[in-house]
Visitor: 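Would you mind keeping the following structure in view while I ask a few things?
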Amino acid sequence: MQLQFVGSGDAFGSGGRFNTCFHVVGAQTNFLIDCGASSLPALKRFGVMRDEIDLVLITHFHGDHFAGLPFLLLDAQFTRRTRPLVIAGPEGIETRLTQAMEVTFEHSSKTKQRFDLSVVALKPGERRSFGAVNVTPFPVLHGESGGPFLAYRVEAEGRVIAYSADTEWTETLIAAGRDADLFIAEAYYYDRIVRNHLSLKTLEAHLPEIRPKRLILTHMSDDMLGRLDTLDYTAASDGMVVEI
Ligand SMILES: [Zn+2]
Ligand SMILES: [Zn+2]
């Protein structure tokens, strides 16, 4: 299985990076994790065949993780997609998606797609299967409002990919990421402790409990991007491909 960082940036395009979007492809799997505002141009930049994507997992409704969906859906409509598509995310996703579509392209939420579109709300702790992709959402801490906020543990083709999403430190990241073949973790700051986001030093202190087989940092602010040369960890970059 292969994962490409289509977007590894934060909400503000730090370092000129695209908003969060990861593309996972295997023998029987083809899905996205998050679809931020800039994700359609990013998918096109990296030559990702959008027609072949079966599933989009959304961690939360912030624009840098979610606001690419109206563009992705309209592009699918205009390019005459026929393959069914599932979009799964936190509870409330049906309403939030309708709102996002109406804000960006009026009446677009009322246009009947040529393809089957299912929008599925996921509950924390409830494992769901989408074809060969098994998804367990975990609740994370990313603010008082605008939630729910989810991290994901995804099992597919005998491998485990975990993604922290945006969150300050929470114990649920241990269960989400434990022994994962690939743990993608937010590292917004190096050592500054702020609300709603994770710093590398905090994450580092908990790595012995999480024990990921491989760790890749993402969603980095300018503070972190300025230290990339001195880090002991792998940092994501846009377009980077990893074999899992
Ligand atoms: Zn974010
Ligand atoms: Zn966020």
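Both ligands and their constituent atoms are indexed starting at 1 by order of listing.
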Visitor: Would you find more than 12 non-hydrogen atoms of other residues, nucleotides or ligands less than 6.0 Å from Tyr190 atom OH?
Guide: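 Open.
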Visitor: Taking everything shown except Phe105 itself, do over 12 heavy atoms lie less than 6.0 Å from its CZ?
Guide: yes
Visitor: Can you tell me if, anywhere in His60, an N/O/S atom lies at a distance from the Zn ion (ligand 1) that is smaller than 2.8 Å?
Guide: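 Short answer: no, not a single N, O or S atom is under the cut-off.
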Visitor: Check Lys213 with Asp179, please: is the shortest side-chain N to carboxylate O separation under 4.0 Å?
Guide: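 A salt bridge is absent here (no side-chain N lies under 4.0 Å from a carboxylate O).
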Visitor: Could you confirm whether Asp10 has any N/O/S atom lying under 2.8 Å from the Zn ion (ligand 1)?
Guide: no
Visitor: Among the N/O/S atoms of Asp64, select the one at the shortest distance from the Zn ion (ligand 1) and name it.
Guide: OD2
Visitor: Closest to the Zn ion (ligand 1), which N/O/S atom of Asp166 is it?
Guide: OD2
Visitor: Taking the basic N atoms (NZ, or NE/NH1/NH2) and the acidic carboxylate oxygens, is any pair closer than 4.0 Å for Arg50 and Asp75?
Guide: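 A salt bridge links Arg50 with Asp75.
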Visitor: Can you tell me if CZ on Arg45 sees more than 12 non-hydrogen neighbours from other groups inside 6.0 Å?
Guide: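 No.
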Visitor: If I consider every N, O or S atom in His219, which one ends up closest to the Zn ion (ligand 1)? I only need its name.
Guide: NE2
Visitor: What angle, in degrees and rounded to 10°, do you get at the Zn ion (ligand 2) when you join it to ND1 of His62 and to NE2 of His142?
Guide: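 My answer is 90°, to the nearest 10°.
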